[in-house]
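Throughout, residue positions are numbered sequentially from 1 according to the sequence presented. Ligands are counted one by one from 1 in listed order, and the atoms in each one are counted from 1 as well.
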Amino acid sequence: MSKNGISALEVATQQVDLVGEMLGLDVGICEVLKKPTRSVIVAVPIKRDNGKINVFTGIRVQHSKARGPYKGGVRYHPDVTLEEVTALAMWMTWKCAVADIPYGGAKGGIRCNPKELSISELERLTRRYTTETLNIIGPYQDVPAPDVYTDSQTMAWIMDTYSQFKGYLVPEVVTGKPLHLQGSEGREEATALGLTYCIEEAVKHLKMKLRGATVAIQGFGKVGWNAARFLHDRGCKIIALSDSTGGIYNTKGINPIKVHEHKKKTNSVSTVKAGKSITNKELLELECDILVPAAIENQITGENAGNIETHLLAEGANIPTTPEASKTLTEKGIFTIPDILANSGGVTVSYFEWVQNLHREHWTKKEVHHKLKCQMVKAFKDVFDTKNKHETDMRNAAFMLAIGRVEEAYKSLGLWP
Ligand code: NAD
């Protein structure tokens with residue numbers, strides 16, 4: 001449940017209704033788009049290291065396959081619920097459609113506290129979850145990927161379990177694998193690089209200059225840290241950074257590499273001596289040219305949207321802005337690159353990994369970055385053109401483009417039988 005009392009699933013279904021109305025879609029098709037094709041709940045029993053048996057709940061929700069195989073991450077977290085996973089599966093359908101890659105949307109998860117499980121317990125959990133969902137995943141059916149508290153090792157276990165049942169190695173069943181197991185170059189930084197390409201496009205349209213632009217970034221994980229270094233490389237002045245421990249602020253600029261080295265040693269951004277201390281709330285309200293939420297959902301809400309003082313909001317995180325806040329930002333004239341566009345670089349390079357695996361190829365990092373840039377620039381342009389055509393904001397435009405593409409696919413496929 002979000003801070004303003006709306007669950008992620010309610011936000012997701014309201015978005016379909018809103019865009020359905022704006023596009024004049026058939027009400028019946030909207031009903032189809034609001035429901036996942038399949039939701040599976042499985043029991044995942046494992047023997048703990050102490051010999052006792054525990055049973056965890058595993059979920060896989062497949063939202064739409066109208067444009068291609070289902071695609072989406074698997075998360076291990078105590079808060080995993082069917083409702084949340086369903087909303088995220090729907091979000092994946094729209095993200096893949098905005099990026100114009102031939103995938104539908106899915107999401108999975110296991111309700112557990114991964115911090116309380118040993119490596120061998122996590123391996124048994126992953127292998128059992130894979131076995132229980134074996135019939136619904138597959139290279140042409142549903143391709144899982146890492147998400148919260150799962151990583152390339154988790155993907156290697158899923159791939160191995162699936163391959164053991166098939167009798168031969170099937171790398172294309174998952175993406176986000178280790179490089180030495182047919183993972184893709186450039187996957188680690190793909191989301192942040194895609195975000196940076198979108199920012200470059202937005203800056204051109206807004207007639208701003210990237211060199212010297214002031215940037216505040218919330219969250220210093222894979223997305224936040226890589227975005228900080230890419231923007232720093234392009235001459236931006238990073239004035240604030242934060243993680244869950246708090247943040248730092250310096251109008252003269254912060255070197256993200258120094259902060260990264262400090263974070264590796266201490267696991268904290270807030271203790272680096274590179275500026276004055278600042279809270280996460282204060283960071284979001286700083287006067288800056290570019291604001292990048294790259295931490296968790298629901299950070300810009302009805303409560304603080306009125307205080308946001310940026311020209312450009314680039315959403316690295318998933319669902320960082322509530323619908324109420326989004327309206328306020330539009331009224332304030334803040335240009336937003338919405339999450340389903342801004343962070344779609346990750347799933348785009350996942351798609352590249354799948355293509356490489358299917359063709360038994362290995363592309364260089366330069367090739368991956370070049371293809372990612374082409375894809376992101378095109379996605380940005382498609383959303384921007386939709387915004388102008390329908391005289392709306394970037395968020396509505398991204399959903400209109402995505403939902404319109406999925407609806408078009410459904411209409412041409414027809415309804416069986
Ligand atoms: P991560 O776990 O690597 O990093 C998250 C960062 O956010 C950490 O620095 C953490 O300390 C910080 N954080 C956590 N709670 C916070 C809080 N309350 N206030 C401030 N900072 C907080 O995760 P990531 O992969 O960088 O993902 C970040 C966001 O981007 C998530 O919303 C994720 O869903 C989204 N995303 C990630 C990818 C990807 O490829 N990694 C792709 C698409 C979307």
Side-chain angles (χ1 to χ4, degrees), residues 2-3 8 71-77 79-80 84-85 87-89 91-92 94-96 98-99 101 105 107 109 114-115 145-152 154-155 175-176 183-184 186-196 198 216-230 240-248 256 259-260 262-264 266-272 277-284 291-301 304 314-321 337-353 372 376:
S2 82
K3 277 183 188 158
K71 179 86 190 106
V74 181
R75 61 175 54 183
Y76 292 174
H77 199 276
D79 296 339
V80 163
E84 184 201 48
V85 175
L88 292 167
W91 229 246
M92 281 306 295
W94 312 143
K95 200 179 286 191
C96 294
V98 164
I101 50 179
K107 202 81 178 185
K115 291 182 183 168
D147 197 72
V148 176
Y149 290 121
T150 55
D151 56 17
S152 56
T154 322
M155 295 306 113
T175 60
S184 179
R187 178 60 191 88
E188 173 78 16
E189 71 274 21
T191 305
L193 192 56
L195 180 90
T196 306
C198 282
I217 302 179
Q218 186 201 40
F220 202 66
K222 289 181 285 297
V223 179
W225 140 245
N226 282 304
R229 79 179 163 98
F230 289 135
L241 292 170
S242 72
D243 66 5
S244 56
T245 67
I248 45 161
V259 180
H260 187 239
H262 178 85
K263 170 126 181 152
K264 273 202 289 191
T266 63
N267 210 14
S268 156
V269 163
S270 56
T271 50
V272 65
S277 293
I278 189 172
T279 63
N280 268 294
K281 182 177 178 296
E282 287 166 338
L283 180 144
L284 293 173
L291 176 63
V292 181
I296 50 170
E297 67 282 4
N298 291 319
Q299 292 303 290
I300 303 175
T301 65
N304 62 357
E315 296 182 339
N318 277 322
I319 326 181
T321 308
I337 311 173
D339 55 0
I340 57 167
L341 168 64
N343 68 34
S344 63
V347 73
T348 300
V349 174
S350 276
Y351 161 65
F352 294 163
E353 182 175 330
L372 176 63
M376 295 307 300

Out of A295, S268, S270, whose heavy atom sits nearest atom 32 (O) of ligand 1?
->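 Of the listed residues, A295 has the closest heavy atom.
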Best match, S244, G345, A145: closest heavy atom to atom 16 (C) of ligand 1 |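 Among S244, G345, A145, the closest heavy atom to atom 16 (C) of ligand 1 belongs to S244.
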Which residues satisfy the side chain to side chain contact (heavy atoms under 4.5 Å, CB included) test with S268, sequence neighbours excluded?
->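 Residues passing side chain to side chain contact (heavy atoms under 4.5 Å, CB included) with S268: T245, T266, S270, T271.
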Please state which part of [X] comes within less than 4.0 Å of ligand 1, counting heavy atoms only: side chain, backbone, both or neither.
X: T191; answer: side chain
X: A294; answer: backbone
X: E188; answer: neither
X: N280; answer: side chain
X: E315; answer: neither

Protein heavy-atom partner closest to [atom] - residue, atom, separation in Å:
atom: atom 9 (O) of ligand 1; result: F220 N, 3.0 Å
atom: atom 6 (C) of ligand 1; result: G221 N, 3.7 Å
atom: atom 36 (N) of ligand 1; result: G316 O, 3.9 Å
atom: atom 27 (O) of ligand 1; result: V223 CG2, 3.9 Å

Could you establish whether K263 and ligand 1 come within less than 4.0 Å of each other, counting only heavy atoms on the residue side?
->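 Yes, that is the case, since the closest heavy atom of the residue is under 4.0 Å from the ligand.
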For V85 and V80, run side chain to side chain contact (heavy atoms under 4.5 Å, CB included): C-alpha distance rounded to whole Å, both residues' side-chain angles, the deciding distance at 0.1 Å, then the answer.
-> CA-CA 7 Å; V85 175; V80 163; 3.9 Å; yes
Closest non-hydrogen atom pair, [X] against [Y]:
X: S344; Y: M376; answer: OG-CE, 3.5 Å
X: V292; Y: G316; answer: CG1-N, 4.4 Å
X: L372; Y: F352; answer: N-CE1, 3.6 Å
X: V223; Y: T191; answer: CG2-CG2, 3.9 Å

Any luck finding a side-chain donor-acceptor pair between Y351 and K71 under 3.5 Å?
->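 Not at all, the side chains of Y351 and K71 share no donor-acceptor pair under 3.5 Å.
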Please determine if [X] has a nitrogen or oxygen closer than 3.5 Å to a nitrogen or oxygen of ligand 1.
X: N318; result: yes
X: I296; result: no
X: G224; result: no
X: G346; result: no
X: K222; result: yes
X: S242; result: no

Answer yes or no: is there a side-chain heavy-atom contact under 4.5 Å between L283 and L291?
->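 Heavy-atom side-chain distance check passes, below 4.5 Å.
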How many angstroms lie between atom CD of Q218 and atom CD of E282, to the nearest 0.5 angstrom?
->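 That separation rounds to 12.5 Å.
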Point-to-point distance, once rounded to the nearest 0.5 Å, from CD1 of I319 to CD1 of I300 |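 It is 13.5 Å, given to the nearest 0.5 Å.
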Would you mind running through ligand 1 and noting each atom that sits below 4.0 Å from a heavy atom of [X]?
X: A317; answer: 29 (C), 30 (O), 32 (O), 35 (C)
X: D243; answer: 9 (O), 11 (O), 20 (C), 21 (N), 22 (C)
X: R187; answer: 40 (O)

Where do H260 and R229 land on the side chain to side chain contact (heavy atoms under 4.5 Å, CB included) test, with the steps shown first?
-> CA-CA 9 Å; H260 187 239; R229 79 179 163 98; over 6 Å; no
Not counting sequence neighbours, which residues clear salt bridge (charged side-chain N to carboxylate O under 4.0 Å, His left out) with D147? List them please.
->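 D147: salt bridge (charged side-chain N to carboxylate O under 4.0 Å, His left out) contacts with R75, K107.
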Going by the side chain to side chain donor-acceptor pair (under 3.5 Å) test, name the single residue among D339, N318, T348 that passes it with K95.
->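 Passing option: N318.
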